[in-house]
Every structure is written in C-alpha cells, then in structure tokens.
Amino acid sequence: MMNEWRGWRDAAEDALYGPDGFYTRPGGPGPAGHFRTSVHVSAHYATAVATLLRRVDTALGHPAELALIDVGAGRGELLTGVLGALPAAVRTRLRPYAVERAARPPGLDPLIAWRAELPAPGSLTGLLFANEWLDNVPVEVVEADADGVPRRVLVRADGTERLGGPVDGADAAWLARWWLALAPGAGPSPSPGLRAEVGRPRDAAWARAVRTLRAGLAVTADYAHDRADRPPFGTLTGFRDGREVRPVPDGGCDLTAHVALDACAGPAAERLTQRQALHALGVDGRRPPLALATTDPIGYVRALGAAGAAAELTDPAGLGGFGWLLEPVGEACTGLLTA
C-alpha cells in the first residue's frame, strides 16, 4: 500500500486500527507506551470519574444495574482505577464495559466486559466516559491550493502528501458551518496552505456513543478548539515513544488531531475545561500546609506528591485546558458539575 494515494481518513483508519495497526498490533504496549493521558498521570483522575459515577448513580435513584462504559479504554487502566475507588455498595451493582478495538489485556478484572463495539443503542443506564478517544477517530484533512480552493489532502503510507479533488458535499457543508477559514465559496478565498480537519466522523461517533444510554450522562474529554479559534494549519500530528513526531500513516505512530467539540455537542450539552470539571469533582492541586512537614514528614511528602499530580491534571496551560463535553440523557443528570 506504500504507493497508494488515499485520503487521511482511510489511511489513518488502517494505520491505527488495521491488522497491524498502532492500537491493534498484538503484543504492543498500548497508548501508555507512547504518551501520557490524564489516566496515566495520576490516580486522582480515576477517583474523580468514580466521584462523577456516584453522582450519576444518586441522580438516577440508585438503579439495580449501573453501567460504566469506557470508550477508547486502552488497556483498561481507567476502569481498573475507578473500580478500586468505589464502595462495595456501588461496585456490586456496577456493570463496567471497556470499548476498545485492541484485544483484551491479560489480568484485567473479570468484572469488566471487553467489547470491540459500543453496546446497543438505548441499552444501558449510567455513565459513559471517553477520555482522549475522539482525537483518534480518523478524519479527512483539507488544504487550500494556490487559488484558494479547499482540496482533500491525499497521503501515502510513507507520509508523502499531495492535493486531491475539491471539497464538496457534506464535508463542504461541515466546513461552512464549523471551520469558516476553509469554507468553500464563503467570503474571500482561503489563503493558500491553510489546513483543516473535517470533524464529521467525530460528530457521528459521539452521537452514536451518547445513544448507548437509556438514561444517564455521557462525557468526553479531549484537547479541543472552538469555531472562533480554529488553528490555521490544522493540528494533525503523530506520537511515538513519548515524543511528538511527523504524522506518517504506516502503523508506527499514533495519529491524532484536536477535536471540534462545539461541533460534536448536542442541544443539551454542557462544556467545561478539565480544570473546572476536576475542581468540581474534588481534585485540588493546592500544596499541603507546611506545618504538616513538622508533625508528619512522611505524610507531608506523600501529600506534596499528590498535590503535584493534581496540579498537572488541572494546569490550564496543559491537561487542565482540555475540553469536557457533558451530554445528559434524560433530565436527572443535568448540571451534575455545573449546578
């Protein structure tokens, strides 16, 4: 496939999720082997999700079966952390699902159901949580040519690019609504070289994820941008072994792009920064009182380390600047973080 020209959406789909894809390759280290998400930074994150799950449980009246669906579950790290943070009264009613296209990792808690696809629409009640999932849903990349005409970017497996045909149809309509600088035929012609990622597949993926719930709350957390502040040259990039690298769709690196969360949002959606969301869930990066160093030196060092991890999760210039999109399904779970 090295010499085949394809759009970035098809190329990234194979590179990430094909038989020898970055995420699906047997025996691979999983995402944690190449980059750190909030899940890997600190146990505070799983504890916060457990707190949110308990709020959902209370809002729903403590149903006999409470679902927790982790979409893009990696190697099950988040679910494992949440299960460890829950009291027995909740855990005994919990039905945890990991939705992940990679194979089930060994040693995972047998309580966790491992699935390659989302459960059926309207089949579960509880919390659906997707941490840094949508940025890995492949999308088309477009670029304005020398005449300002937005065209699809074609790519080979070695990362070589060229421009294809003009953007039209549903992709053009999406750009016209959500990425104005590259909207075909809207106002002045785009400047040559401007790029965008067409987020339609992410909008559809998120809408389908939300429909999994019969009642409850769906949350996605990711690095994002808004319509008024789209990056002029797009955000497509790669990651390998903890370093940002050139995006090459050969299966050897992660391929990711920031998410237009405003385009994904449904009419009842609520949006927060991760800093706001985690503060509402009790994650606080404040240093412990210095007096503790005298009365309990070991406890002070432990508390200081925990505060540092919490500060990293809530840093507005880093992970704390991520976007959280909350979609209540039914009225019971509206405003759980904003009321």
Name the orientation class of the two ring planes belonging to Trp179 and Trp174 (parallel below 30°, tilted from 30 to 60°, perpendicular beyond 60°).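 Answer is tilted, since the angle falls between 30° and 60°.
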Please state whether the rings of His258 and His225 are parallel, tilted or perpendicular, taking 30° and 60° as the class boundaries. parallel
Just by distance, with hydrogens left out, do [X] and [Y] show a side-chain donor and acceptor under 3.5 Å apart?
| X | Y | result |
| --- | --- | --- |
| Asn136 | Tyr17 | no |
| Asp70 | Tyr97 | no |
| Thr160 | Asp158 | yes |
| Arg214 | Thr125 | yes |
| Glu140 | Trp8 | no |

Say whether [X] and [Y] are linked into one hydrophobic cluster, either directly or through other cluster members, by side-chain heavy-atom distances under 4.5 angstrom.
| X | Y | result |
| --- | --- | --- |
| Val245 | Leu16 | no |
| Val259 | Val141 | no |
| Val49 | Leu213 | no |
| Val99 | Leu134 | yes |
| Leu127 | Leu124 | no |

Check whether any side-chain heavy atom of [X] lies under 4.5 Å from a side-chain heavy atom of [Y], and answer yes or no.
| X | Y | value |
| --- | --- | --- |
| Leu325 | Cys264 | yes |
| Arg195 | Val153 | yes |
| Pro249 | Leu255 | yes |
| Glu132 | Phe322 | yes |
| Thr24 | Pro19 | no |
| Leu108 | Trp114 | yes |
| Ile69 | Phe129 | no |
| Arg200 | Val139 | no |

Report yes or no: does [X] contribute a side-chain atom to a donor-acceptor pair with the main-chain N or O of [Y] at less than 3.5 Å?
| X | Y | answer |
| --- | --- | --- |
| Glu100 | Ala73 | yes |
| Arg227 | Arg177 | yes |
| Thr80 | Gly76 | yes |
| Arg25 | Gly251 | yes |
| Arg230 | Trp178 | yes |
| Gln274 | Leu313 | yes |
| Glu77 | Arg75 | yes |
| Thr314 | Gly320 | no |
| Asp315 | Ala317 | yes |
| Glu327 | Gly266 | yes |

One thing to verify: whether [Y] and [X] come together as a salt bridge, which I'm taking to mean a side-chain N less than 4.0 angstrom from a carboxylate O.
| X | Y | value |
| --- | --- | --- |
| Asp109 | Arg91 | yes |
| Asp254 | Arg240 | no |
| Arg93 | Asp57 | yes |
| Arg202 | Asp135 | no |
| Arg271 | Asp226 | yes |
| Arg208 | Glu117 | no |

Can you give me the closest heavy-atom contact between [X] and [Y], atom names plus distance?
| X | Y | answer |
| --- | --- | --- |
| Pro166 | Val149 | CB-CG1, 4.2 Å |
| Leu319 | Glu312 | CB-O, 3.6 Å |
| Ala85 | Ala50 | CB-CB, 3.8 Å |
| Ala113 | Arg104 | C-NH1, 4.2 Å |
| Ala209 | Leu128 | O-CD1, 3.3 Å |
| Leu194 | Ala181 | CD1-O, 4.3 Å |

Tell me whether Arg54 at atom CZ has more than 12 heavy atoms from other residues, nucleotides or ligands lying less than 6.0 Å away. no
Heavy atoms from other residues, nucleotides or ligands near CZ of Arg9 exceed 12 (cutoff 6.0 Å):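 Open: at most 12 neighbouring heavy atoms sit under 6.0 Å from CZ of Arg9.
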